[in-house]
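To keep things clear, I will list the structure first and then write my remarks on it.
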Number of protein chains: 2
Amino acid sequence: MKKIQIKKAVSKNFKKHNHKLCYETSMKAFHKNCLEKNLKLTPLRLKVFELLLKDHRAIGAYQILDMLSKEGFSSTPPIAYRVLDFLIEQGFAHKIERFNAFIACSHPGSKHSPTFMICRKCDKVAEMCEKDSRLKLDKKSLSEFQIEESVIEIIGICKSCNQLETIKC
Amino acid sequence: MKKIQIKKAVSKNFKKHNHKLCYETSMKAFHKNCLEKNLKLTPLRLKVFELLLKDHRAIGAYQILDMLSKEGFSSTPPIAYRVLDFLIEQGFAHKIERFNAFIACSHPGSKHSPTFMICRKCDKVAEMCEKDSRLKLDKKSLSEFQIEESVIEIIGICKSCNQLETIKC
DNA sequence: AAATTAATGTTATAATATAACATTGACTTA
DNA sequence: TAAGTCAATGTTATATTATAACATTAATTT
Ligand SMILES: [Zn+2]
Ligand SMILES: [Zn+2]
Ligand SMILES: [Zn+2]
Ligand SMILES: [Zn+2]
């Protein structure tokens, strides 16, 4: 039986959608990847990843610590930063540099340089897939600089927030 | 008499070059812009801009404070951050988000979203001009997100550092 | 000159992140 | 299985980056 995969644009993150499906798909991929790469999926790592998946919003390390504390986990700074390091290193999460905050990766499994769209009204974040975001650099620059990674963060207003604004007026 | 402007690629920032010329050109533009926009070019602002222009490297706020202190300026954190805010707001400087550090703008005069190439060996930074860096986003994303600004930071190894490495081997 | 505002000065503290070392628990391997 | 090893977590302390709030000074306007 063939799986039919309906490809959804990243902009769904900004709208109402079946988030349970998002969550479950990501969580399944997380489990699968950890198994394949023989990475230890500990309760702490699982919990932090769960928090990062909550609602397409980036969260700060200290917010994570608060939530860990409420759930009975130890919650001193290194606890959060170490798990975040692990998740980022393994390609399961990203840091949003602009906001010193963290979010689950939407295309997990290998390290990559993401492009984010970030709504400054609702704070929701969408990670674009590579084919939807291409940085075109001029030939000379490319020849003189060996690119290793990139930070691309687009800040603006998502359609939902924009429409709300229009209605208000 | 027509001015002949020899357009230099940003990659010059990574190489030996006539930096006195860089410095003077930028400083002249800073003075001119402040005059035109009726902005107060105070000793403090001038000094901070000067520091940011030093050598195509981004510097942190607390490094700036150290240097201000050595030059007899007051040097508590708000001193630096306020001047940096002014310079960024007016389009004379940028923050490199990835490193929480600041650098003079290479195309000053109006606010814009820069693209940086940053060498992780020598820490030198080059701000690309708009025509040399274009972010191509897919149509759907563009139609569903109103872009206001972007952070684009490319990290890698510059040609000079790369050659040094090769020679070493 | 008085009033107003912009810029700078100052004190305190918030927010983000890392260093260094201790403990625990799982996995080897003898 | 007991000893040894190593990865993960726990803990304390501290470093780094940034802002809030209010005071003073200098420039500009009235
Ligand atoms: Zn969702
Ligand atoms: Zn990703
Ligand atoms: Zn610029
Ligand atoms: Zn270099």
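In this text the structure is predicted, and so the values were computed from the model without any measurement. Below, chain A is the first sequence line, B the second, and so on; all start at residue 1.
Base contact: A:Thr76 has a heavy atom under 4.0 Å from a base atom.
Within the 4.0 Å cut-off from OP1 or OP2 of C:dA15, not a single side-chain nitrogen or oxygen of A:Asn100 is found. Side-chain nitrogen and oxygen atoms of B:Tyr81 include none within less than 4.0 Å of the OP1 or OP2 phosphate oxygen of D:dT19.
By the neighbour-count criterion of 12 heavy atoms within 6.0 Å, atom CD of A:Glu148 is densely surrounded, having more than that number from other residues, nucleotides or ligands. For B:Lys37, the NZ atom counts as densely surrounded, since its 6.0 Å shell holds more than 12 non-hydrogen atoms of other residues, nucleotides or ligands.
If you take CG of A:Leu39 and C1' of D:dA8, they are 13 Å apart, rounded to a whole angstrom. Across the protein-nucleic acid pair, B:Glu89 atom CD and C:dA7 atom P stand 12 Å apart, rounded to whole Å. Distance CD (B:Gln90) to P (C:dA7): 9 Å, rounded to an integer number of Å. Atom CG of B:Leu84 is separated from atom P of D:dT17 by 13 Å (rounded to the nearest Å).
The 5' end of DNA chain C is approached more closely, in terms of each residue's nearest nucleotide, by B:Arg45 than by the other of B:Ser75 and B:Arg45. Comparing A:Pro77 and A:Lys40 along DNA chain D, the residue whose closest nucleotide (by nearest heavy atom) sits nearer the 5' end is A:Lys40.
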Go through it in stages, so that I can follow the logic: the residues are B:Asp55 and B:Arg57, the test is salt bridge (charged side-chain N to carboxylate O under 4.0 Å, His left out), and I'd like the CA-CA distance, side-chain angles, deciding distance and then a yes or no. CA-CA 5 Å; B:Asp55 62 356; B:Arg57 285 184 174 92; 3.1 Å; yes

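Taking the six-membered ring wherever Trp is involved, the centroid distance between the rings of A:His112 and A:His94 falls below 6.0 Å.
The nearest pair of heavy atoms linking A:Thr115 to A:Ser133 is OG1-OG, 2.8 Å.
With hydrogens and angles left out, the side chain of B:Tyr62 and the base of D:dA18 share a donor-acceptor pair within 3.5 Å.
Side-chain proximity of A:Ile79 to the nucleotides D:dA8, C:dT8, D:dT11 is greatest for D:dT11. Residue A:Ser74 has its side chain nearest to D:dG10 when only D:dT12, D:dG10, C:dA7 are considered. Each of D:dA20, D:dA18, D:dT11 was ranked by its minimum atom distance to the side chain of B:Lys95; first place goes to D:dA18. Closest to the B:Pro78 side chain, of the nucleotides D:dT11, C:dA6, C:dT10, is C:dT10. The side chain of B:Phe102 lies closest to D:dA18 when the candidates are D:dT12, D:dT9, D:dA18.
Taking the six-membered ring where tryptophan is involved, the planes of A:His19 and A:His56 are perpendicular, since the angle between them exceeds 60° and thus also 30°.
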Would you list the protein and nucleotides 22-24 of chain C atom pairs, both N or O, that sit under 3.5 Å from each other?
none

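Between A:Glu24 and A:Lys20 there is a salt bridge, since at least one side-chain N of the basic residue sits less than 4.0 Å from a carboxylate O of the acidic one.
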